[in-house]
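Down below is the structure, laid out as structure tokens.
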Amino acid sequence: MTEKISAILKNLPERPGVYLMRDKDGKIIYVGKAVKLKRRVSSYFRHSHLSPRLNKLVSMIDDISIIRTETEAEALIVEAKLIRRYSPFFNIELKMSDRYPYIKITDEDYPRLEITRHKQNDGALYLGPFVDAGNIRNLMRLAERYFPLRICRSKISPDKNKRPCVEYNLGRSMGACAGLCSQSEYRERVADIILLFEGKSAELVDRLRKRMDISAKNLEFEKAGRYRDTIRAIWRLSRQKISSALQEDLDNETWQVLNRLQAILNLKVLAWRIDAFDISHTFGHETYGCCVVFEQGRPCPNLYRKFKIKSLKDGEINDFESIYETVKRRYTHVIDNSEPSPQLVLIDGGSIQLEYAQRALKELNFELPMIALAEREEIIFLPNKPNEPLRLERSDPALQLLQRIRDEVHRFAITTHKHAREKRMRHSRLDEISGIGKKKAAELLVKFGSVEKISKLSPEELQEIPGIGEILAKKILEGLRE
């Protein structure tokens with residue numbers, strides 16, 4: 001064992017992940033997975049192997065890189081993709097086929113739902129992969145019960161004179177063949193299914209809630225009840241988190257950039273997943289802390305998070321405390337396993353922002369590699385080295401990756417704050433007066449034009465609006481004139 005390999009083994013974590021072994025020319029010769037990286041990789045060098053193949057492998061190893069993952073299941077997926085990408089000489093498995101199933105939505109006017117282990121370039125949409133067979137069965141059952149699509153393979157030509165199939169009578173089909181639903185209605189259901197299998201429960205439930213409200217207003221109570229039951233079923237279902245970055249293969253250029261970043265920052269593991277933080281507000285109003293996540297060098301919007309700052313009074317400005325609160329709240333969720341953990345944290349700002357972010361992690365007794373990227377000068381601040389920032393050439397691909405991530409979290413923070421500000425501006429003082437609902441407030445604004453004009457009315461003029469009596473009219477005017 002060389003001194004280089006010995007040093008690498010000492011710094012490996014006892015965590016799940018994937019390891020890549022290279023020869024002296026830098027070529028990947030073996031990819032493997034492990035529940036505990038340090039124990040598994042070290043085992044190659046503890047004793048000689050009976051297998052000539054393993055002895056030959058060990059003799060050729062000149063360098064080892066690792067990708068730390070959240071779970072063993074994620075490590076399995078990453079391992080399979082890297083083997084298919086690089087076809088290492090010493091890997092004899094996983095070269096010919098996928099291990100894990102996908103949900104396939106066929107490329108047809110009226111798509112069907114299928115489970116397959118082979119992802120093809122056939123125009124279909126593939127969701128997954130799924131590493132938990134029980135989970136995919138639960139999702140399929142929910143889809144078949146609440147979002148049924150057609151199961152027949154014949155080409156659909158809607159004919160209203162045609163009798164619908166038995167599946168329609170059993171509630172397992174929309175009756176597209178008999179013209180009982182339009183293509184747009186069918187596509188809307190397909191869109192629901194995509195959200196379901198992508199794990200976007202909140203977005204799907206929001207869509208269903210709006211339909212439920214419309215059905216209730218139209219006195220279609222049975223239909224509204226079905227939407228209610230569907231919403232309850234979705235929340236009951238324990239979903240598998242699907243990493244969108246794992247749905248695409250890692251390209252060579254991104255791989256080189258991530259390796260470059262690891263070397264520059266002296267990271268123990270490859271920065272497969274990177275979190276970035278920024279703060280946005282207007283003179284201390286609507287202050288939000290935001291986090292974006294990049295996996296495999298690509299943004300993962302499903303994992304973006306925003307936090308309304310609670311520790312500051314409205315109008316109070318303190319970006320440092322805001323960073324502290326945001327980081328602490330974010331990684332509280334990571335510690336309780338409700339969010340994935342990154343291999344690198346990027347703070348938009350300088351050494352002081354970095355110091356406050358580190359303090360948040362220290363109080364959580366949680367360790368993560370962390371840096372800050374200062375705008376304009378584009379220098380990288382490292383932990384405990386405020387006077388020794390790292391300066392990279394503007395053309396350095398590692399710096400350019402960090403800049404893309406920083407710019408994305410900046411954009412997300414500004415957008416989040418902007419939406420909150422617009423929402424506040426739409427909020428009327430009428431909403432704060434008890435006895436005035438949104439509907440009545442809207443009627444008043446439509447009739448009189450503005451809150452200022454309403455405040456100048458007489459009680460008698462206000463009483464012209466149906467539902468507003470003498471007492472409520474006085475309460476409105478008192479509330480607006482305070």
Side-chain angles (χ1 to χ4, degrees), residues 11 13 68 261-269 271 273-284 286-294 303-313 315-336 339-392 396 398-399 401-414 416-417:
N11 291 315
R68 205 172 75 191
L261 190 64
Q262 181 180 7
I264 290 172
L265 299 178
N266 195 26
L267 302 175
K268 293 181 180 179
V269 298
R273 181 182 290 118
I274 301 175
D275 284 3
F277 292 86
D278 192 16
I279 304 298
S280 185
H281 59 82
T282 300
F283 303 114
E286 284 82 40
T287 304
Y288 275 85
C290 293
C291 173
V292 303
V293 180
F294 272 56
L303 299 177
Y304 288 12
R305 297 293 181 264
K306 55 189 176 182
F307 302 87
K308 179 74 170 71
I309 299 303
K310 301 176 180 178
S311 58
L312 304 180
K313 296 178 181 178
E316 183 180 357
I317 301 175
N318 193 325
D319 287 358
F320 307 134
E321 284 294 339
S322 298
I323 278 286
Y324 163 81
E325 179 184 332
T326 304
V327 170
K328 191 168 186 177
R329 288 169 63 184
R330 165 67 171 173
Y331 293 110
T332 297
H333 296 306
V334 171
I335 291 171
D336 66 19
E339 297 283 2
S341 180
Q343 287 79 48
L344 177 65
V345 177
L346 173 64
I347 303 297
D348 181 17
S351 59
I352 301 179
Q353 282 91 342
L354 180 60
E355 180 184 335
Y356 274 75
Q358 285 184 290
R359 179 160 65 87
L361 287 187
K362 186 176 181 180
E363 291 182 9
L364 292 172
N365 196 27
F366 191 57
E367 293 185 7
L368 284 173
M370 183 179 285
I371 61 172
L373 180 60
E375 206 167 358
R376 295 180 183 171
E377 292 187 43
E378 304 296 358
I379 55 178
I380 301 170
F381 287 93
L382 305 173
N384 306 315
K385 296 181 179 179
N387 300 319
E388 301 175 35
L390 181 63
R391 297 178 184 271
L392 301 177
D396 193 302
L399 175 61
L401 173 61
L402 294 177
Q403 288 173 324
R404 285 201 303 274
I405 299 172
R406 188 270 317 279
D407 292 345
E408 172 62 6
V409 72
H410 189 59
R411 180 203 65 78
F412 181 58
I414 289 175
T416 298
H417 163 71

S280 and A413 have their tightest heavy-atom pair at CB-O, 3.4 Å
Begin from the C-alpha positions of Y304 and Y288 and carry the test ring pair (Phe, Tyr, Trp, His ring centres under 6.0 Å) through to its verdict. CA-CA 13 Å; Y304 288 12; Y288 275 85; over 10 Å; no
Shortest non-hydrogen pair, A398 vs D396, comes out as N-OD1, 2.8 Å
Of all heavy-atom pairs linking F412 and C290, the shortest is CD2-CB, 3.6 Å
Here the gap from T416 atom OG1 to E286 atom CD, rounded to the nearest 0.5 Å, amounts to 12.5 Å
CG (L368) and CD (Q358) are apart, to the nearest 0.5 Å, by 11.0 Å
When rounded to the nearest 0.5 Å, the distance separating CG of L261 from CG of L402 is 5.0 Å
Nearest heavy-atom approach of V345 to F277 is CG1-CE1, 3.6 Å
- prompt: Are there more than 12 heavy atoms of other residues, nucleotides or ligands under 6.0 Å from atom CG of N11?
  reply: yes
Taking only distance into account, with no hydrogens and no angle test, what donor-acceptor pairs under 3.5 Å do side-chain atoms of residues 373-390 form with protein atoms, sequence neighbours excluded?
unit_1	atom_1	unit_2	atom_2	d
E378	OE1	R406	NH1	3.3
E378	OE1	R406	NH2	3.2
E378	OE2	R406	NH2	2.9

* To do: Verify, without hydrogens or angle tests, whether R305 (side chain) and V293 (backbone) share a donor-acceptor contact under 3.5 angstrom.
  => no
CZ (F320) and CG (L354) are apart, to the nearest 0.5 Å, by 12.0 Å
Scanning both residues in full, the closest heavy-atom pair of A357 with V327 reads O-CG1, 3.8 Å
- Check for a donor-acceptor pair, side chain of Q353 on one end and backbone N or O of I347 on the other, with a separation under 3.5 Å. no
Rounded to the nearest 0.5 angstrom, the CG-OG1 distance for L364 and T332 is 4.5 Å
Quiz item: Is it true that the NZ or CZ of R330 lies under 6.0 Å from the centre of F307's six-membered ring and within 45 degrees of the ring axis?
Solution: no
Rounded to the nearest 0.5 Å, the OG atom of S322 sits from the OH atom of Y356 at a distance of 10.5 Å
Is any side-chain N of the basic residue among E408 and R404 closer than 4.0 Å to the acidic one's carboxylate O? no
Taking atom NZ as the centre, does K268 end up with more than 12 heavy-atom neighbours from other residues, nucleotides or ligands that are less than 6.0 angstrom away? no
Any non-hydrogen side-chain atom of Q343 less than 4.5 Å from a side-chain atom of L267?
no
**Asked** Is any NZ, NE, NH1 or NH2 atom of the basic residue among E321 and R359 found under 4.0 Å from an Asp or Glu carboxylate oxygen of the other?
**Response** yes
- Query: Is Y331 close to P342 at the side-chain level, that is, under 4.5 Å between some pair of heavy atoms?
  - Reply: yes
Residues R273 and S341: closest non-hydrogen pair is NH1-O, 3.0 Å
Using modelled atom types and a 3.5 Å cut-off, is there a donor and acceptor pairing between side-chain atoms of H410 and backbone atoms of D278? no
